[in-house]
Amino acid sequence: DGANNSNNVGVYLADGATVRATGSGAVSVTGTGATASGNANHGLVIDNGSRVMSTSGAITLNGTAPAGIGDLVDGISIQGASTIVVSSGGNVTLSGNSGFHPNSAGVDVRDHAVVTTGGSGQIVINATGGEGLYMQNSGTLLAAGGGISIAATGLKAGDGFGAVELRDGAGVVTTAG
């Protein structure tokens with residue numbers, strides 16, 4: 001929407017889109033939202049049944065939302081049923097920055113989306129935003145053999161924004177192999 005500079009996403013994977021590496025190949029995706037003020041100018045969105053997959057290589061996702069004025073400007077947003085980011089053996093790293101906008105997150109995992117690793121792969125989250133890491137409505141981080149590391153910074157304590165917020169059935173789970 002050029003009239004109000006809203007809905008300008010750096011990288012948008014939607015409607016069952018797939019990014020896949022086989023063997024030991026790695027996946028790296030970087031998105032930067034529009035620099036103008038406006039709403040929903042996300043860095044990277046993976047939505048509506050889309051998949052980012054690697055057989056045994058690492059997955060690195062980077063998203064930066066604009067530093068200007070706006071609402072709902074997530075660095076990385078992973079959302080929707082059947083939406084999955086999965087490496088069967090490598091690490092999955094999500095690095096998102098939304099600045100310190102209210103109602104925005106560095107990394108947002110929601111609405112039954114899953115980020116998962118197998119084997120000894122780890123999930124690493126680096127998130128800065130109004131909410132650092134925000135998860136809701138059964139959004140899930142699942143490390144089947146490795147660990148989960150979260151480094152998050154939120155707007156400021158006491159204003160309803162935090163470094164990490166999980167709600168409405170969201171989960172962070174590690175299991176021994």
Side-chain angles (χ1 to χ4, degrees), residues 9-13 19 21 26-33 42-47 50-54 56-67 72-80 83-157 160-177:
V9 176
V11 174
Y12 188 36
L13 303 175
V19 176
V27 173
S28 179
V29 180
T30 298
T32 302
H42 306 294
L44 170 61
V45 174
I46 304 169
D47 189 16
S50 295
R51 297 168 300 279
V52 177
M53 308 165 75
S54 174
S56 63
I59 295 175
T60 303
L61 304 178
N62 300 297
T64 303
L72 301 172
V73 288
D74 298 331
I76 298 173
S77 179
I78 302 170
Q79 57 190 354
T83 301
I84 189 166
V85 175
V86 57
S87 176
S88 297
N91 292 346
V92 174
T93 302
L94 308 177
S95 297
N97 186 337
S98 69
F100 291 110
H101 300 284
N103 300 318
S104 298
V107 175
D108 181 0
V109 181
R110 65 173 59 215
D111 302 332
H112 303 280
V114 176
V115 176
T116 185
T117 59
S120 62
Q122 297 185 356
I123 297 173
V124 179
I125 307 286
N126 299 299
T128 301
E131 301 275 346
L133 171 63
Y134 181 79
M135 297 176 62
Q136 77 166 14
N137 195 19
S138 299
T140 302
L141 303 178
L142 171 61
I148 298 174
S149 171
I150 300 170
T153 303
L155 184 63
K156 60 183 176 180
F161 300 98
V164 177
E165 182 175 349
L166 282 71
R167 61 187 316 160
D168 304 325
V172 176
V173 181
T174 62
T175 61

In Å and rounded to the nearest 0.5 Å, what is the [atom1] to [atom2] distance from [X] to [Y]?
| X | Y | atom1 | atom2 | answer |
| --- | --- | --- | --- | --- |
| Ile46 | Arg51 | CD1 | CZ | 11.5 Å |
| Thr117 | Ile123 | OG1 | CD1 | 4.5 Å |
| Leu61 | Ser28 | CG | OG | 7.5 Å |
| Asp108 | Asp74 | CG | CG | 4.5 Å |
| Asp47 | His42 | CG | NE2 | 9.0 Å |
| Asp111 | Ile78 | CG | CD1 | 12.0 Å |

Solution key, residues 86-93 side-chain donor-acceptor pairs under 3.5 Å, sequence neighbours excluded:
from: Ser87; atom 1: OG; to: Gly57; atom 2: O; distance (Å): 2.8
from: Ser87; atom 1: OG; to: Gly90; atom 2: N; distance (Å): 2.8
from: Ser87; atom 1: OG; to: Gly90; atom 2: O; distance (Å): 3.3
from: Asn91; atom 1: OD1; to: Gln122; atom 2: N; distance (Å): 2.8

For residues [X] and [Y], report the shortest heavy-atom separation together with the two atoms involved.
| X | Y | value |
| --- | --- | --- |
| Val11 | Gly31 | CG2-CA, 3.8 Å |
| Ala113 | Val109 | O-CG1, 3.9 Å |
| Val45 | Gln79 | CG1-NE2, 4.1 Å |
| Gly132 | Ala152 | CA-CB, 4.1 Å |
| Ala143 | Gly121 | CB-O, 4.4 Å |
| Ser98 | Gly129 | OG-CA, 3.1 Å |

Could you walk me through whether Arg167 and Tyr134 pass side-chain contact (heavy atoms from CB on, under 4.5 Å), step by step? CA-CA 8 Å; Arg167 61 187 316 160; Tyr134 181 79; 3.1 Å; yes
With Val85 as reference, evaluate Ile76, Val115, Val27 under the side chain to side chain contact (heavy atoms under 4.5 Å, CB included) test and give the passing residue. Val115
Among Thr116, Ile148, Leu141, Leu142, exactly one meets side chain to side chain contact (heavy atoms under 4.5 Å, CB included) together with Val173. Which residue is that? Leu142
Tell me if a side-chain donor or acceptor on Ser104 pairs with a main-chain N or O of Val73 at a distance below 3.5 Å. yes
Do the side chain of Ser120 and the main chain of Gly146 share a donor and acceptor less than 3.5 angstrom apart? no
Applying side-chain contact (heavy atoms from CB on, under 4.5 Å) to Ala58 and not counting sequence neighbours gives none
Polar side chain donor-acceptor pair, Asn137 to Asp168, under 3.5 angstrom: no
